Asker: 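The structure's right below; bear with me while I get my questions together.
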Amino acid sequence: MDKLAIVVPCYNEEEVLKIASKALRGVLADLVQKGKVAEDSFILFVNDGSKDRTWELIEEENRTYPAQVHGVKLAGNVGHQFALTAGLLTAKDMSDVTISIDADLQDDVSVIEEMIDKFHEGNDIVYGVRKERKTDTFFKRTTAQGFYKLMDMMGVKTVYNHADFRLMSKRAVEEFSKYKETNLFLRGMMPLIGYRTEKVFYDRKERVAGESKYPLKKMLALAFNGISSFSVKPISLILGVGMFIIFAAVLAAIYAFVSYFTGHVVPGWTSMILSIWFLGGLQLLAIGLVGQYIGKIYIEVKQRPRYNIEKVI
Ligand code: UDP
Ligand code: MG
């Protein structure tokens, strides 16, 4: 029987911790009773340097339910993506399969069973995907969807409307642990792992209590990180613009010479115009070219695994 670890990153979640613990313990008990996961499956709360009583509450839960509730205390606040990674890498050595979920129960815990079923059908990663975003504000919804579109344009593979509610088999987490990069954007990294994947769909609810720990500033930072960690397309864009300007410079040159020979120009204009266009284009082209090398260096220093062999027969 597979041992399940539910990983829950928590930052200042004192209002929801007990509610989350109760709900998730309920899910675990149900899964154990149905014989879908091992009896010693557990919840792993990761305290991400909370300033409130979150850690005390985790300790309390652990004392009351020592078998079901475990905790990891990070020494300081490192942000959701790192906290989740810390949780996953800790859980990997204690379990056969992990599910990551936010503490605020916005993600529907009732699809966890479906995730486990899909895992038993042979999927290594099961993505939780939001059906609609009815409960999000108009602003959050449009910015988030714009972000997914932008990621797509930049050639970054992500699962549309999937946040970090996700099942991962032990071997998937093991492969993930080979990605040593520090600029984490988990949603972009998961599709690189490979293996068979599936999706489950759910309606995203309101936060049970407390308020969002992802203000606009953190959201923008995550978005920029997502693009800059996976795509060197912005550099190619510069190169493209440089080439276009050089092409336009040729047209400008023709125009300048025609004007010159038809005598409609003041002295010095022709040479000035030609210099501006050609030098401008040349500079952009050079920056773009240097950028291509920097882009390659960037990809090299990440030292990502180049492939993941699933089987040899
Ligand atoms: N979180 C965290 N560290 C942070 C910020 C958030 O561990 O610095 C956790 C938070 O406790 C929650 C999850 O990340 O479990 C998602 O945060 P939140 O629900 O506030 O984001 P939203 O759903 O509003 O995007
Ligand atoms: Mg939330």
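Since this is a predicted model, take the numbers as computed values, not measurements. Each ligand, and each atom within it, is numbered from 1 in the order the structure gives.
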Asker: What is the nearest protein non-hydrogen atom to atom 3 (N) of ligand 1, stated with its residue, atom name and distance?
Answerer: D48 OD2, 2.6 Å
Asker: At a 4.0 Å threshold, what atoms of ligand 1 neighbour a non-hydrogen atom of K218?
Answerer: 4 (C), 5 (C), 8 (O)
Asker: Go through ligand 1 atom by atom and flag the ones less than 4.0 Å from a non-hydrogen atom of A103.
Answerer: 15 (O)
Asker: If you measure from the Lys or Arg side-chain nitrogens to the Asp or Glu carboxylate oxygens, is any gap between E59 and K73 under 4.0 Å?
Answerer: no
Asker: When rounded to the nearest 0.5 angstrom, what distance separates CD in Q292 from OG in S236?
Answerer: 4.0 Å
Asker: Where is the nearest protein heavy atom to atom 19 (O) of ligand 1: which residue, which atom, and how far?
Answerer: D104 OD2, 2.6 Å
Asker: Is there at least one pair of N or O atoms, one from R204 and one from ligand 1, spaced under 3.5 Å apart?
Answerer: yes
Asker: Could you check atom 18 (P) of ligand 1 against the protein and tell me its nearest heavy-atom contact, residue, atom and distance included?
Answerer: R207 NH2, 3.5 Å
Asker: Could you enumerate the protein N, O or S atoms under 2.8 Å from the Mg ion (ligand 2), written like residue then atom name?
Answerer: D104 OD2, Q106 OE1
Asker: Among all protein heavy atoms in this structure, tell me which lies nearest to atom 24 (O) of ligand 1, with the distance rounded to 0.1 Å.
Answerer: S212 OG, 2.5 Å
Asker: Please determine whether a side-chain nitrogen of the Lys or Arg among D164 and R187 lies less than 4.0 Å from a carboxylate oxygen of the Asp or Glu.
Answerer: yes
Asker: Is the shortest distance from a Lys or Arg side-chain nitrogen in K118 or E121 to a carboxylate oxygen in the other one below 4.0 Å?
Answerer: no
Asker: Taking distance alone, with no angle check, do P9 and ligand 1 share an N/O pair under 3.5 Å?
Answerer: yes
Asker: Near C10, which atoms of ligand 1 are under 4.0 Å from a heavy atom of that residue?
Answerer: 7 (O), 11 (O)
Asker: Is R171 salt-bridged to E310, going by a charged N under 4.0 Å from an acidic O?
Answerer: yes
Asker: Give me the nearest non-hydrogen protein atom to atom 10 (C) of ligand 1 as residue plus atom name, then the distance to 0.1 Å.
Answerer: E13 OE2, 3.2 Å
Asker: So, does N308 use its side chain to make a donor-acceptor pair with the main chain of I193 at under 3.5 Å?
Answerer: yes
Asker: In terms of residue, atom name and distance, what is the protein heavy atom nearest to atom 16 (C) of ligand 1?
Answerer: D102 OD2, 3.3 Å
Asker: For L220, enumerate each residue passing the side-chain contact (heavy atoms from CB on, under 4.5 Å) test, keeping only those at least two apart in sequence or located in another chain.
Answerer: L216
Asker: How close does the nearest protein non-hydrogen atom get to atom 6 (C) of ligand 1, and which residue and atom is it?
Answerer: K213 CB, 3.6 Å
Asker: Under 4.0 Å, heavy-atom basis, I'd like to know which part of M219 is in contact with ligand 1: side chain, backbone, both or neither.
Answerer: neither
Asker: Report the nearest protein non-hydrogen atom to atom 14 (O) of ligand 1: residue, atom name, distance rounded to 0.1 Å.
Answerer: H80 CD2, 3.1 Å
Asker: Regarding E15 and R207, does a basic nitrogen lie under 4.0 Å from an acidic carboxylate oxygen?
Answerer: no
Asker: Is D203 paired with K205 through a side-chain N to carboxylate O contact shorter than 4.0 Å?
Answerer: no
